[in-house]
Amino acid sequence: MAGEKLISLIVPVYYEEEVLPIAYPRMRAAMEQTGHEYEIIFVNDGSRDGTMRELRKIAAENKKVKVLSFSRNFGHQLAVTAGMDIAKGDALVIIDADLQDPPELIPDMVKLWEQGADIVYGKRKKREGETFLKKFTAACYYRLLTAMSAYPIPLDTGDFRLIGRNVADVFLKMREHGRFLRGMSAWMGFESVPLEYVRQERAAGKTKYTLKKMLKLALDGITGFSTKPLTMPLAIGGAVVGLSMLGFLAVLVCACTMGAAPWLWGLCGVVLLQGIILLFLGIQGAYMGRIFEESKGRPLYIIAEELNT
Ligand code: UDP
Ligand code: MG
């Protein structure tokens, strides 16, 4: 069994000099426990602290450690993407550097993969050491995202996951700029199984996800996976047009029975026009949505299995 397959661990790092000396030994131990060959790919996302010094030390001591260093900060999602691009593994595991996702779970993920899962995603049962605000906004956001998205994104999951080579190859084909890996993974389908865990407190240092970065990710999640906001005016416009029609009818009835003030006609006319404008906005949105979908240039379909082809 040992050494049969190669497992790649991908770790995005941004200003993590304090975390790396604690995180690397735990990651290495976990990788050694899987019973397979391994490589660990650290992607330095433009840190200017001692992160590279730490990574150089680690890479010098262990040739299974690969390091990519960005010219500037491109963001967590692109750091993970760069790691996926060079990973050679039969399975890839994505993990945060800060030990909030326990590396000790990796052997369990690998086991589930060996049993046939294409994707094993970490599902947070509980989050430790995070503020109420973060937990609350995260909970609301994931529910909103699920409501908006055509492809259900599992609740309370992050990027901590294992993906098989088949899934990784599809990721390689998806070169869209606004990347939201969890959503892309949901779009792809495949056999996904959750692995529940308690999200730990950060081992050292502070969160690198500033409010601005979080908002960008949140917006990428919605705008990248749903064209619903673009076509929403269609439904609202339709309702407003319907309302104005009812208004016309009511005014007509009044005019025939007890008489109606002339401005009531005008009011209904204005409402009708507003509704028509909204409808056309929605129609434009529908076209924009199509352009957007085409511009992503995603594969048209994904084959999970072939027989006798
Ligand atoms: N990270 C990154 N680039 C960034 C921000 C974060 O590569 O611009 C890395 C960071 O080093 C960590 C992971 O992404 O390994 C998750 O970041 P963090 O723990 O700060 O986010 P949180 O867990 O607080 O959401
Ligand atoms: Mg973290």
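One-based numbering, in listed order, for ligands and for the atoms of each.
Within ligand 1, counting atoms from 1 as listed, the ones closer than 4.0 Å to a heavy atom of Gln100 are 19 (O), 22 (P), 23 (O). Interface of Glu16 with ligand 1, defined as ligand atoms under 4.0 Å from a residue heavy atom, comprises 10 (C), 11 (O), 12 (C), 15 (O). In the vicinity of Asn73, heavy-atom distances shorter than 4.0 Å reach the ligand 1 atoms 3 (N), 4 (C), 8 (O). Within ligand 1, counting atoms from 1 as listed, the ones closer than 4.0 Å to a heavy atom of Arg199 are 23 (O).
Of the protein's heavy atoms, Tyr14 CB, 3.6 Å lies nearest to atom 1 (N) of ligand 1. Counting only heavy atoms of the protein, atom 14 (O) of ligand 1 lies nearest to His76 CD2, 3.1 Å. Regarding atom 20 (O) of ligand 1, its nearest protein heavy-atom neighbour is Lys208 N, 2.4 Å. Nearest to atom 3 (N) of ligand 1 among the protein's heavy atoms is Asp45 OD2, 2.6 Å. The nearest heavy-atom contact from the protein to atom 22 (P) of ligand 1 is Thr207 OG1, 3.6 Å. Regarding atom 18 (P) of ligand 1, its nearest protein heavy-atom neighbour is Arg202 NH2, 3.5 Å. Looking at atom 21 (O) of ligand 1, its nearest protein heavy atom turns out to be Tyr209 CD1, 3.3 Å. Of all protein heavy atoms, the one lying nearest to atom 8 (O) of ligand 1 is Lys213 NZ, 2.8 Å.
Between the Mg ion (ligand 2) and the N, O or S atoms of Asp98, the shortest distance is to OD2.
If you check the side chains of Arg199 and Gln100, you find a donor sitting under 3.5 Å from an acceptor. Between the side chains of Ser185 and Arg161, a donor-acceptor pair is found at a separation under 3.5 Å. Thr207 and Arg202 share no side-chain donor-acceptor pair at under 3.5 Å. Side-chain contact annotation: Glu39 with Ser8, donor-acceptor N/O pair under 3.5 Å present. Asp156 and Tyr142 form no side-chain donor-acceptor contact under 3.5 Å, judged by distance and modelled atom types alone. A side-chain donor from one of Lys213 and Asn73 sits under 3.5 Å from a side-chain acceptor of the other. For the residue pair Gln77 and Asp159, a side-chain donor N or O sits within less than 3.5 Å of a side-chain acceptor on the partner.
In this structure, Tyr14 has its ring center at least 6.0 angstrom away from the ring center of His76.
For the ligand labelled ligand 1, residue Met214 lies outside the 4.0 Å heavy-atom shell. Between Lys216 and ligand 1 there is no heavy-atom distance shorter than 4.0 Å.
At most 12 non-hydrogen atoms from other residues, nucleotides or ligands lie less than 6.0 angstrom from NZ of Lys216. Shown here is Tyr287, whose OH atom has no more than 12 heavy atoms of other residues, nucleotides or ligands within 6.0 Å. The number of heavy atoms from other shown groups lying within 6.0 Å of NZ (Lys88) does not exceed 12.
Closest heavy-atom approach to atom 15 (O) of ligand 1 among the candidates Pro12, Ser47, Gly83: Pro12.
The distance criterion of under 3.5 Å between nitrogen or oxygen atoms is not met by Gly75 with respect to ligand 1. The shortest N/O to N/O separation between Ala97 and ligand 1 falls below 3.5 Å. For Lys206, no nitrogen or oxygen atom sits less than 3.5 Å from a nitrogen or oxygen atom of ligand 1, counting backbone and side chain alike.
Geometrically, Arg72 engages Phe74 in a cation-pi contact, judged by NZ or CZ lying under 6.0 Å from the ring centre and within 45° of the ring axis.
The Mg ion (ligand 2) lies under 2.8 Å from an N, O or S atom belonging to Gln100.
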